[in-house]
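Here the structure comes first, spelled out in structure tokens, and everything after it is commentary.
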Protein chains: 2
Amino acid sequence: MRNAEHPDVSGIALTKVLSALADPLRLGVVCLLADGEERQWGDLDVPVSKSTLSHHMKTLRNAGLTRTREEGTRCYVRLRTGDLESRFPGLLASIMQAAPAEAAPVGLR
Amino acid sequence: MRNAEHPDVSGIALTKVLSALADPLRLGVVCLLADGEERQWGDLDVPVSKSTLSHHMKTLRNAGLTRTREEGTRCYVRLRTGDLESRFPGLLASIMQAAPAEAAPVGLR
DNA sequence: GATGATGTTCGATGATTGACGAACATCGAA
DNA sequence: TTCGATGTTCGTCAATCATCGAACATCATC
């Protein structure tokens with residue numbers, strides 16, 4: 001996480017957002033974060049190994065979908081709802097509406 | 001095109017739509033079709049070979065984004081605007097708003 | 001029928017992607 | 001200071017993807 005890159009609002013690319021959300025697991029994570037709450041990596045109950053989760057979180061972060069914060073050894077993540085809304089109005093909302101049916105089962109531990 | 005598969009409205013999958021639109025060339029094609037007009041393959045001025053274009057058109061078709069019609073040896077394509085709107089309300093509109101900036105240059109010949 | 005235009009399909013190839021375990025770095029707690 | 005928890009990074013592997021040219025099928029036209 002040393003090299004956490006968060007693109008600024010104008011740097012959020014549509015194709016990266018779309019391909020980030022095209023993966024069921026990442027879609028599931030975003031669904032879970034859609035309530036606006038900040039979550040810790042370890043609180044996410046995902047059906048993949050932690051190294052795989054780390055890659056997916058990096059993808060979401062680099063795409064500009066999430067913002068990551070470190071606190072000790074823990075990492076917290078939250079959805080960049082406002083940034084996304086201002087960059088692509090209505091996009092996230094319309095995706096979230098249909099997402100649960102196809103997202104991977106991501107719960108809270 | 002013998003085996004043209006067009007998913008019905010309820011069979012249009014969000015993840016397939018998103019990954020189909022995550023490619024700049026396909027995004028460009030969809031942008032061009034966004035005016036609702038029906039176009040012929042050959043009228044599309046794309047920076048790839050015809051075999052590559054054929055693959056991309058197949059991807060769009062299978063994802064449920066476009067509908068293809070044969071007429072002699074020619075193939076015509078149009079965007080399934082209405083179907084998409086009823087399946088994922090607002091999705092296409094919000095994507096089209098930001099798409100031109102990132103889409104590959106697809107014009108008319 | 002022969003020819004040309006239009007798409008599709010078939011390998012082949014190189015790039016990207018998702019996945020894992022192992023090794024590592026960092027920090028907090030015992 | 002040692003140990004455990006938390007994430008990252010690395011190397012590997014299999015699968016998918018974008019791309020191309022060549023070969024093919026189909027149809028319209030000459």
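Chain identifiers are assigned alphabetically (A, B, ...) following the order of the sequence lines, protein sequences preceding nucleic acid strands; residue numbering begins at 1 within each chain.
- Looking at heavy-atom distances under 4.0 Å, A:His56 makes contact with sugar-phosphate atoms alone, never a base.
- Straight-line distance from the CG atom of A:Asn62 to the P atom of C:dT17: 11 Å, rounded to whole Å.
- The nucleotide whose nearest atom lies closest to any side-chain atom of A:Lys58 is, among D:dC20, D:dT9, D:dA18, D:dT9.
- The separation between A:His55 atom NE2 and D:dT9 atom C1' is 7 Å, rounded to whole Å.
- Salt-bridge check for A:Glu71 with A:Arg69: passed, with a basic side-chain N closer than 4.0 Å to an acidic carboxylate O.
- Listed nucleotides C:dG7, D:dA5, D:dC27 differ in distance to B:Arg74; the shortest reach to its side chain belongs to C:dG7.
- Projected onto DNA chain C by closest heavy-atom contact, A:Pro47 and B:Met57 fall at different nucleotides, the more 5' of which corresponds to B:Met57.
- Here D:dG21 is the nucleotide among D:dT9, D:dA18, D:dG21 with the atom lying nearest to any side-chain atom of B:Ser51.
- Between A:Thr52 and C:dA19, a side-chain N or O to OP1/OP2 separation shorter than 4.0 Å is absent.
- Judged by distance alone, with hydrogens and angles left aside, the side-chain atoms of A:Glu85 form a donor-acceptor pair with the main-chain N or O of A:Gly90 at under 3.5 Å.
- With C:dG21, D:dA22, C:dT6 as the choices, the nucleotide that has an atom nearest any side-chain atom of A:Ser49 turns out to be C:dG21.
- Spacing between atom CG of A:Leu60 and atom P of D:dG7 amounts to 15 Å, rounded to whole angstrom units.
- Here C:dG18 is the nucleotide among C:dG18, D:dT6, C:dA19 with the atom lying nearest to any side-chain atom of A:Arg26.
- Here the P atom of nucleotide D:dA5 and the CG atom of A:Asp43 are 15 Å apart, to the nearest Å.
- Among the nucleotides D:dG7, C:dA19, D:dC20, the one closest to the side chain of A:Gln40 is D:dG7.
- Here D:dT6 presents its C1' atom at 13 Å from CD of A:Glu71, a figure rounded to the nearest Å.
- One can place CZ of A:Arg39 at 19 Å from C1' of D:dT6, the figure rounded to the nearest angstrom.
- Atom CG of B:Leu53 is separated from atom P of C:dT9 by 13 Å (rounded to the nearest Å).
- Not one N or O on the side chain of A:Glu102 forms a donor-acceptor pair closer than 3.5 Å with the backbone of A:Pro24.
- In terms of modelled atom types and a separation under 3.5 Å, the side chain of B:Arg26 and the main chain of B:His56 share no donor-acceptor contact.
- Rounded to an integer number of Å, the gap from B:Leu25 CG to D:dT19 P is 6 Å.
- Salt bridge status for A:Arg67 with A:Glu38: absent, with no side-chain N to carboxylate O gap under 4.0 Å.
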